[in-house]
Protein chains: 2
Amino acid sequence: MAPSAVTQPTHRSGALLDFLARRMRLRTEAVLAPLGLRPRHLVALTVLRVRGGSTQQALATTLAMDGTNIVGLLNELEADKLIERRRSPEDRRRHLVELTEAGVEQLAKAECALAEVDEEMLGALDASQRETLYNLLQLAATGTGVSCAQAILE
Amino acid sequence: MAPSAVTQPTHRSGALLDFLARRMRLRTEAVLAPLGLRPRHLVALTVLRVRGGSTQQALATTLAMDGTNIVGLLNELEADKLIERRRSPEDRRRHLVELTEAGVEQLAKAECALAEVDEEMLGALDASQRETLYNLLQLAATGTGVSCAQAILE
DNA sequence: TAGATGGCTTGTGGAACACAAACCATTTAT
DNA sequence: ATAAATGGTTTGTGTTCCACAAGCCATCTA
């Protein structure tokens with residue numbers, strides 16, 4: 001069964017991550033569609049739950065995405081009243097983005113609906129393995145360029 | 001460290017996976033470009049290393065991608081002599097796709113070059129955690145719809 | 001007062017797709 | 001044997017997600 005006895009210098013997770021994320025995103029799209037959300041929205045909402053009150057520039061860095069596209073993304077979310085742009089008191093040019101109550105609820109509803117996707121895609125993992133995976137992903141996500149850039153800003 | 005004491009019903013890895021995969025793909029693009037590869041090629045080659053001799057239809061299912069796009073993707077890889085399409089002896093309509101020797105080498109070279117990306121993106125994880133992550137991803141990838149569809153075919 | 005900055009709008013373009021149609025070679029069913 | 005189905009190919013068309021550039025306003029800073 002071993003395709004190559006001699007394995008790679010170190011296992012690279014990149015391709016695997018890409019592969020899985022694609023499959024999961026396809027299923028996620030289908031599940032999220034009835035809620036009026038798309039994967040990009042889910043990611044944005046998820047980030048905002050943790051980093052509420054972020055500047056749009058900070059979001060751009062976090063999401064590794066152009067500022068003008070952040071505008072569009074937030075416009076969509078704001079139109080659905082899932083987020084709110086508040087003016088920063090210190091610098092009134094800035095917008096501080098935050099989830100609305102409806103946003104929190106919608107995110108929770110989405111995550112609930114996504115249980116079936118987890119079931120499908122992570123079926124081979126038991127509960128504790130899924131938790132481990134989640135924690136490792138979380139650690140990687142918060143412990144890199146993201147928090148690095150954030151650290152500079154704070 | 002827990003951002004919210006009361007966590008979600010269960011942690012959903014979907015958004016996190018999407019988020020990380022995006023960041024990683026951006027970096028990967030840059031690293032792979034000088035090798036004449038793009039992320040999609042890396043994924044295809046990686047799949048083919050394990051599932052060599054797959055039919056193009058099987059690849060389409062595995063990669064969750066339209067058959068006509070598989071053709072295009074394989075055309076690119078074949079033009080670079082990284083893969084080979086052999087006629088199936090049993091059914092001469094079928095193509096059995098396999099990595100060439102050059103393909104194996106190029107894949108290894110790519111993975112080697114991607115060490116720096118891992119370093120950047122998974123910096124917060126130590127070696128054993130990275131290995132765990134890799135194993136969990138591998139398990140999830142091979143243990144779902146993929147192998148399920150494959151099992152039916154065999 | 002001038003320049004820099006955060007954000008918004010609009011427009012252009014590219015990459016990765018899905019989907020459809022028409023085609024060949026081959027296999028299978030009648 | 002002839003018809004139908006199948007695996008793959010080619011050539012479109014359209015969509016979505018993005019990057020990037022230019023020009024605009026409001027506001028802050030020098």
Check: Mind checking what makes salt bridge (Lys or Arg N to Asp or Glu O under 4.0 Å) contact with A:Glu116, not counting sequence neighbours?
Finding: A:Arg27
Margin query: Using heavy-atom distances to pick each residue's nearest nucleotide on DNA chain C, tell me which of A:Asn69 and A:His95 is more 5'.
Written below: A:His95
Checklist line | Test salt bridge (Lys or Arg N to Asp or Glu O under 4.0 Å) applied to A:Glu131 - qualifying residues, sequence neighbours left out | finding: none
Checklist line | Flag, side chain of B:Arg130 to backbone of B:Leu125, donor-acceptor distance under 3.5 Å | finding: yes
Next item on the list: State which residues pass side chain to side chain donor-acceptor pair (under 3.5 Å) with A:Asp91; sequence neighbours excluded, sorted by chain then number.
Entry: A:Arg93
Item checked: Where B:Ala113 and B:Leu35 come nearest, the two heavy atoms and their spacing -> CB-CD1, 4.5 Å
Check: Who pairs with B:Thr68 by side chain to side chain donor-acceptor pair (under 3.5 Å), at least two apart in sequence or on another chain?
Finding: B:Asp66
Item checked: Validation row: A:Leu16, B:Gln138 side chains within 4.5 angstrom (heavy atoms) -> yes
Checklist line | 5' priority, DNA chain C, between A:Arg94 and A:Arg25 [closest heavy atom] | finding: A:Arg94
Next item on the list: Find the distance A:Leu59:CG to C:dG6:P and express it as a whole number of Å.
Entry: 14 Å
Margin query: Any side-chain N or O of A:Gln57 below 4.0 angstrom from OP1/OP2 of C:dT5?
Written below: no
Check: Of all residues at least two apart in sequence or in a different chain, which pass the side chain to side chain donor-acceptor pair (under 3.5 Å) check with A:Asn75?
Finding: A:Arg85
Check: Who passes salt bridge (Lys or Arg N to Asp or Glu O under 4.0 Å) against A:Arg94, sequence neighbours left out?
Finding: none
Note to self: At 4.0 Å (heavy atoms only), tell me whether B:Ala60 reaches a base, stays on the sugar-phosphate, or touches nothing.
What the structure shows: nothing
Checklist line | Under the salt bridge (Lys or Arg N to Asp or Glu O under 4.0 Å) test, residues paired with B:Glu76 that sit two or more places apart | finding: B:Arg38, B:Arg40
Check: Got a donor-acceptor contact below 3.5 angstrom from the A:Arg23 side chain to the B:Thr62 backbone?
Finding: yes
Check: With sequence neighbours left out, what residues match A:Arg22 under side chain to side chain donor-acceptor pair (under 3.5 Å)?
Finding: none
Item checked: Of the listed nucleotides C:dA20, C:dA18, C:dT26, the one nearest the side chain of B:Arg92 -> C:dT26
Checklist line | Nucleotide of C:dT27, C:dC19, C:dT9 approaching A:Val71 most closely (side-chain heavy atoms) | finding: C:dT9
Next item on the list: Using five pairs at either end of the helix from C:dT1-D:dA30 to C:dT30-D:dA1, determine the angle between the two local helix axes and round it to 10 degrees.
Entry: 20°
Nucleotide N/O to protein N/O under 3.5 Å, stretch nucleotides 14-16 of chain C:
from   : atom 1 : to      : atom 2 : distance (Å)
C:dA16 : OP2    : B:Arg38 : NH1    : 2.7

Checklist line | Span of DNA chain D, from the first to the last nucleotide whose atoms fall under 4.0 Å of chain B heavy atoms | finding: D:dA5 to D:dA19
Checklist line | Interface residues of residues 79-89 of chain B with DNA chain D (non-hydrogen, below 4.0 angstrom) | finding: B:Arg85
Note to self: Is it the case that the side chain of B:Thr46 and the backbone of A:Ala15 share a donor-acceptor pair, with hydrogens and angles ignored and the cut-off at 3.5 Å?
What the structure shows: no
Margin query: For a quick check of understanding: with a heavy-atom distance under 4.0 Å over all strands, which category does A:Asp91 fall into, base, sugar-phosphate or nothing?
Written below: sugar-phosphate
